Amino acid sequence: MDAAATDAVVDWIRQSATALAAERDRLNRLDADIGDGDHGANMTRGFAAAVTRLDGYDGDLAGVFRSVGMTLLSRVGGAAGPLYGSFFIGLASALRDADAIDAAGWSSALEAAVAGVQRRGKAEPGDKTMVDALLPARDALAIAVSDGASLAAALSASAEAAAAGADATTPLVARKGRASYLGERSAGHRDPGATSSALLLRTAADVWGQTTR
Amino acid sequence: MDAAATDAVVDWIRQSATALAAERDRLNRLDADIGDGDHGANMTRGFAAAVTRLDGYDGDLAGVFRSVGMTLLSRVGGAAGPLYGSFFIGLASALRDADAIDAAGWSSALEAAVAGVQRRGKAEPGDKTMVDALLPARDALAIAVSDGASLAAALSASAEAAAAGADATTPLVARKGRASYLGERSAGHRDPGATSSALLLRTAADVWGQTTR
Amino acid sequence: MKKLINDPEAVVREALEGVAAAHGDRLRVAYDPDYVVRADAPVSGKVGVLSGGGSGHEPMHGGFVGPGMLDAACPGAVFTSPTPDQMLAATQAVNGGAGVLHIVKNYTGDVMNFEAAAELAAAEGIDVASVLIDDDVAVQDSTYTAGRRGVGTTVLAEKIAGAAAQAGRPLADVAAVATRVNAQGRSMGMALTSCIVPHVGTPTFELGEDEMEIGIGIHGEPGRERVRLEPADQIVDRLLEPILSDLPFARGDRVLAFVNGMGGTPQIELYIVYRRVAQVLGDRGIAIARNLVGNYITSLEMAGCSITLLKLDDEMISLWDAPVDTPGLRWGV
Amino acid sequence: MKKLINDPEAVVREALEGVAAAHGDRLRVAYDPDYVVRADAPVSGKVGVLSGGGSGHEPMHGGFVGPGMLDAACPGAVFTSPTPDQMLAATQAVNGGAGVLHIVKNYTGDVMNFEAAAELAAAEGIDVASVLIDDDVAVQDSTYTAGRRGVGTTVLAEKIAGAAAQAGRPLADVAAVATRVNAQGRSMGMALTSCIVPHVGTPTFELGEDEMEIGIGIHGEPGRERVRLEPADQIVDRLLEPILSDLPFARGDRVLAFVNGMGGTPQIELYIVYRRVAQVLGDRGIAIARNLVGNYITSLEMAGCSITLLKLDDEMISLWDAPVDTPGLRWGV
Ligand SMILES: Nc1ncnc2c1ncn2[C@@H]1O[C@H](COP(=O)(O)OP(=O)(O)O)[C@@H](O)[C@H]1O
Ligand SMILES: Nc1ncnc2c1ncn2[C@@H]1O[C@H](COP(=O)(O)OP(=O)(O)O)[C@@H](O)[C@H]1O
Ligand SMILES: [Mg+2]
Ligand SMILES: [Mg+2]
Ligand SMILES: [Mg+2]
Ligand SMILES: [Mg+2]
């Protein structure tokens with residue numbers, strides 16, 4: 001099996017933990033506007049635990065995602081915990097037995113991951129949730145792949161789509177999660193979960209983009 | 001009996017209630033510095049009740065003071081209630097059967113009133129209490145009387161002495177009442193009770209000074 | 001941020017250690033995963049009653065663990081729902097063979113985590129029933145929202161379901177009575193001030209000196225509307241109207257009237273609120289058969305209150321009156 | 001000022017009306033003069049136990065009226081001691097022929113008003129004993145002060161003396177046990193924030209964002225010293241040291257450890273405080289035989305806490321454990 005691929009994935013998780021820690025307060029503030037102000041703290045806590053759990057990891061590639069998924073499920077709580085838990089467990093199942101990730105492989109993995117999020121949270125596009133960042137990312141990735149793009153190119157395409165999707169949550173009225181309690185008052189605020197999702201995919205593009213270039 | 005004298009006394013109480021209401025916040029603030037911030041509220045509440053109780057009063061002179069004393073005792077609470085209660089009940093007993101007040105009569109009445117305050121509160125001069133305004137007032141009055149001063153002159157002499165006594169409480173360290181809990185920290189603040197006592201005697205001088213001039 | 005804490009990240013852990021030190025004779029506290037459980041759990045043959053949620057609402061839920069109420073409670077991080085591993089471990093700890101009831105407040109996070117836990121427990125052959133509490137009339141219940149939030153009625157459901165379990169009722173009955181309590185309970189809250197989540201360090205929202213938030217949630221979520229401060233009686237009327245008209249409560253009903261403090265409001269104010277509640281219900285011919293006044297489901301140091309009305313029947317009354325022996329509610333023992 | 005009130009001058013009256021509405025089955029509230037009394041008072045042949053003080057410390061004292069604790073309580077204006085006419089009326093109402101105990105916190109105002117009341121009651125031939133509570137170690141006890149303030153130990157003395165009276169002990173015994181509780185109880189408090197007296201409308205004192213007041217009284221009186229904010233454990237150590245060294249409490253002692261909230265501090269913080277109290281006492285070999293954690297003697301919405309240690313003996317323990325049925329403390333019934 002390809003140890004480099006596993007390292008790249010672990011590196012993605014490490015960089016994501018760093019990126020989330022850097023954005024912790026911003027994510028908390030976004031969540032304070034339309035939720036309860038803890039999304040940054042939840043994600044930082046969860047990813048720090050995931051990174052610790054990965055110390056000296058020497059299993060296979062899918063095992064990384066399984067470990068991260070279980071850690072988030074047991075350490076994050078709130079809505080984000082089970083949702084991101086399902087996300088990474090979805091990646092793990094799709095990549096079972098894979099020993100490297102190519103554009104096509106990642107595309108189907110992301111598809112499974114997003115499906116897991118929707119199964120657990122039942123959110124539709126436009127509900128002003130992380131799904132609004134994840135679905136466009138999934139689709140952009142699929143298109144890039146069918147265009148025969150490189151993994152690096154495909155990853156940045158999906159990262160840009162996720163960022164655009166997160167931006168697009170601002171005017172939306174939330175229909176799921178805490179923010180939905182605000183009704184109309186939730187419009188005009190960017191969704192924290194979509195923001196953290198875009199951050200994770202941006203980090204993937206940066207980290208893997210380099211390693212695969 | 002001399003209805004004019006009774007009216008003058010009732011007028012003193014009315015004017016005092018007005019003066020205390022005007023100084024309410026200042027007395028509260030003084031008490032907040034070294035106590036619990038309620039002296040102004042307590043005195044205003046008590047004197048307002050005393051004035052109401054005196055509506056249409058047609059008893060004798062001492063009765064006015066007895067009514068005020070009982071009202072303060074039952075409506076003020078805190079330290080000031082029983083103390084000013086004793087003060088006015090002291091005036092009442094000293095003026096029993098009096099149908100007018102002259103300088104000498106007022107001098108012995110004030111002596112009895114201050115004795116009542118000290119019996120109830122056991123404060124000595126310099127303890128940073130109302131006693132530090134009342135004792136000098138009592139003594140100034142006695143001297144004025146022995147000098148053969150008019151009631152008006154004697155009253156303003158005692159009012160000035162009370163004011164000076166109240167001023168002099170500022171540097172003192174409290175040994176009685178709530179302020180004593182502060183120890184050294186009570187120095188540098190003017191005592192609220194001494195301030196209200198000076199106010200009452202100032203009002204007496206103003207009100208009776210005129211009526212007797 | 002002015003709090004009696006050591007480390008913002010250690011607040012829940014250290015508070016649990018304090019609970020263990022204070023109530024070790026009656027409660028046991030487990031760590032990693034965290035849960036508070038009756039010292040004598042599992043009670044064999046008795047339905048286990050379990051709840052949980054974010055911390056910061058004390059005494060709910062940990063303070064309601066004990067004979068006659070909860071068998072265990074799972075504390076999450078402050079204002080963050082606990083996790084499936086906690087719920088699974090607590091479910092195993094209180095399973096006396098008669099199954100376990102999960103009392104779940106309707107928040108996306110709580111629901112999803114309890115769902116995952118119930119799946120895991122079922123996989124281990126534990127009989128689990130879940131009852132969702134969604135009594136907050138401040139939130140319009142519609143398919144366009146996550147539905148109503150679970151607030152004050154949770155405390156009443158935990159007491160009444162706990163009494164039913166203590167009486168030896170089977171899981172289906174215990175779940176049924178909890179469901180009925182939720183169906184007949186309605187709440188609404190308000191805030192005079194925000195609160196500060198320790199690991200955040202700044203107020204969750206800002207309120208002007210002359211403003212108040214009506215329809216606030218228990219996590220500092222902004223409420224229904226922000227209006228000018230009003231006298232207590234008008235505030236009570238604002239909260240009661242939607243509560244009364246929602247069920248609706250009608251002349252002749254018997255209710256439990258629950259005036260709850262959000263944490264930073266002194267008791268003297270809660271009784272001024274209760275006074276008005278009693279006036280209004282009296283005028284409408286609604287009888288207050290039972291009442292509860294105090295801080296039971298709080299939002300850290302938030303100043304404000306919530307009002308819960310529960311339409312009672314004879315069974316609920318006898319279960320409410322049944323003995324309860326917890327740090328937060330104690331009578332009949 | 002953000003409060004759930006209608007009229008700052010009517011706070012006490014309206015809160016009493018709320019108490020009457022909420023607890024009318026067990027308490028009776030009399031107005032002008034105001035007092036709260038057991039519905040079944042006077043209990044013939046039983047010593048009546050009476051206390052009172054300024055309002056704003058709820059649940060103390062009115063919340064402690066009921067079988068096993070106080071027979072009546074006299075509420076003054078906020079932070080202002082009640083008046084002799086209230087105390088006289090309440091004394092008459094609870095006199096069951098065995099005499100009445102006045103439990104008086106050592107504040108000049110309370111002492112002078114209770115003195116006047118006792119004189120009036122004696123004049124009516126009622127046998128009155130008075131016990132002064134002065135347990136606050138923050139105040140140096142000397143002939144140059146009004147002496148130590150009565151704080152947390154008051155709650156414990158009211159419970160224990162109330163149990164002694166309920167057990168049918170004569171007045172001298174009930175007074176003696178209350179005196180012993182005061183002699184063996186020590187307290188100290190601190191504040192993170194001030195509080196606002198409703199009829200004043202502004203904070204009694206100002207504290208910086210990084211300051212706290214150590215040795216605060218329960219009326220917002222400034223304390224012993226103002227220092228920089230510290231972690232909870234260090235604050236507890238600051239409060240415990242003078243308490244422990246004053247009695248002094250010694251290795252092998254059994255104590256009741258009482259962690260009290262000042263009104264605006266959430267329970268989660270009080271348990272963090274209790275955690276440290278238990279650690280320190282454990283290290284010193286002092287056994288916590290009983291404990292109490294919560295808001296029992298408050299200062300309106302002040303944030304902060306107080307710690308009270310009471311050195312116990314077997315008699316105190318059994319009286320503490322005896323049944324009590326009041327809105328504020330309830331067990332064994
Ligand atoms: N049903 C749902 N489906 C998908 N995402 C959701 C759902 N509910 C909430 N979210 C996401 O979770 C984010 C909030 O996460 P977080 O603040 O950590 O949890 P909580 O709301 O429990 O405090 C929201 O911004 C939203 O993107
Ligand atoms: N033992 C005493 N003797 C005389 N005056 C006293 C004594 N104790 C307190 N005082 C006076 O009472 C004043 C405070 O009155 P007040 O604030 O109304 O009562 P409280 O201190 O109970 O709130 C003090 O400023 C002081 O002048
Ligand atoms: Mg959140
Ligand atoms: Mg005062
Ligand atoms: Mg949350
Ligand atoms: Mg006072």
Side-chain angles (χ1 to χ4, degrees), chain C residues 2-7 11-12 14-23 55-56 58-59 63 78 192-193 195 207 209-210 212 229 231-233 235 259 263-279 288 291 293 295 298 300-301 303-305 325 327 330-333, chain D residues 2-7 11-12 14-22 55-56 58-59 63 78 192-193 195 207 209-210 212 229 231-233 235 257 259 263-279 288 291 293 295 298 300-301 303-305 325 327 330-333:
Chain C
K2 302 182 87 171
K3 293 180 182 293
L4 290 171
I5 63 176
N6 293 301
D7 167 4
V11 163
V12 173
E14 293 187 349
L16 284 174
E17 291 173 3
V19 167
H23 308 298
S55 294
E58 292 68 25
V78 172
L192 292 172
T193 65
C195 56
L207 268 179
E209 237 320 296
D210 61 346
M212 60 180 173
L229 198 54
D233 287 356
I235 293 170
V259 170
T265 285
Q267 208 184 68
I268 195 168
E269 296 178 31
L270 296 181
Y271 277 103
I272 291 175
V273 167
Y274 185 85
R275 165 185 174 273
R276 180 62 178 179
V277 170
Q279 282 176 353
I288 302 181
N291 63 62
V293 182
N295 295 338
T298 61
L300 295 170
E301 69 280 4
C305 71
D325 184 10
R330 202 169 169 202
W331 62 68
V333 290
Chain D
K2 301 182 86 171
K3 292 179 183 293
L4 290 171
I5 63 175
N6 293 303
D7 168 3
V11 163
V12 172
E14 293 187 347
L16 284 174
E17 291 172 2
V19 167
S55 294
E58 292 68 26
V78 172
L192 291 172
T193 66
C195 55
L207 269 178
E209 238 318 296
D210 61 345
M212 61 179 172
L229 200 54
D233 288 356
I235 293 171
V259 170
T265 285
Q267 207 183 67
I268 195 167
E269 296 178 32
L270 296 181
Y271 278 102
I272 290 174
V273 167
Y274 185 84
R275 165 184 174 274
R276 179 62 178 178
V277 170
Q279 283 176 355
I288 302 180
N291 63 61
V293 181
N295 295 338
T298 61
L300 294 170
E301 69 279 4
C305 72
D325 184 10
R330 202 168 171 200
W331 60 71
V333 289

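Heavy atoms only: backbone and side chains are in, while hydrogens, waters and symmetry mates are out. A, B, ... follow the sequence lines: proteins, then strands. Residue 1 opens every chain. Since the model is a prediction, treat every value here as computed from it, not as a measurement.
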**Under 3.5 Å: donor-acceptor pair, side chain of D:N6, backbone of C:D233** = yes
**Item:** D:E301 and C:T265, any side-chain heavy atoms less than 4.5 Å apart
**Value:** no
**Request:** Could you tell me which non-hydrogen atom of C:E58 sits nearest to which non-hydrogen atom of D:Q267, and how far apart they are?
**Result:** CB-OE1, 3.4 Å
**Atom pair CG/NZ of D:L192 and C:K3 - distance to nearest 0.5 Å** = 9.5 Å
**Fill in**
Assert top hit (heavy-atom pairs under 4.5 Å, partner chain D, pool C:A20, C:G264, C:G56) equals C:G264
**Prompt:** D:I288 versus chain C, heavy atoms under 4.5 Å apart: side chain, backbone, both or neither?
**Reply:** neither
**Request:** Flag the pair D:C305 / C:L4 as yes when at least one side-chain heavy-atom distance between them is below 4.5 Å, and no otherwise.
**Result:** yes
**Prompt:** Given that the side chain runs from C-beta out, which part of C:I5 has a heavy atom under 4.5 Å from chain D: side chain, backbone, both or neither?
**Reply:** both
**By side chain to side chain contact (heavy atoms under 4.5 Å, CB included) - contacts of C:A22 (at least two apart)** = D:Y271, D:Y274, D:N291, D:V293
**Message:** Between D:E209, D:R276, D:Q279, who has the most heavy-atom pairs with chain C when the cutoff is under 4.5 Å?
**Reply:** D:E209
**Request:** Answer yes or no: is there a side-chain heavy-atom contact under 4.5 Å between C:K2 and D:M212?
**Result:** no
**Request:** Taking all heavy atoms of C:E14 and all of D:R275, pick out the closest pair and write down the distance.
**Result:** O-CD, 3.2 Å
**Message:** Less than 4.5 Å apart, side chain to side chain, heavy atoms only: is that true for C:S55 and D:I268?
**Reply:** yes
**Request:** Using the test side chain to side chain contact (heavy atoms under 4.5 Å, CB included), find all partners of C:D325 that sit at least two apart in sequence or belong to another chain.
**Result:** C:R26, C:P67, C:R330, C:V333
**Fill in**
When the 4.5 angstrom heavy-atom criterion is applied to C:D7 and chain D, the contacting part is neither
**Message:** Does any backbone or side-chain atom of C:V273 lie under 4.5 Å from a heavy atom of chain D? Answer side chain, backbone, both or neither.
**Reply:** side chain
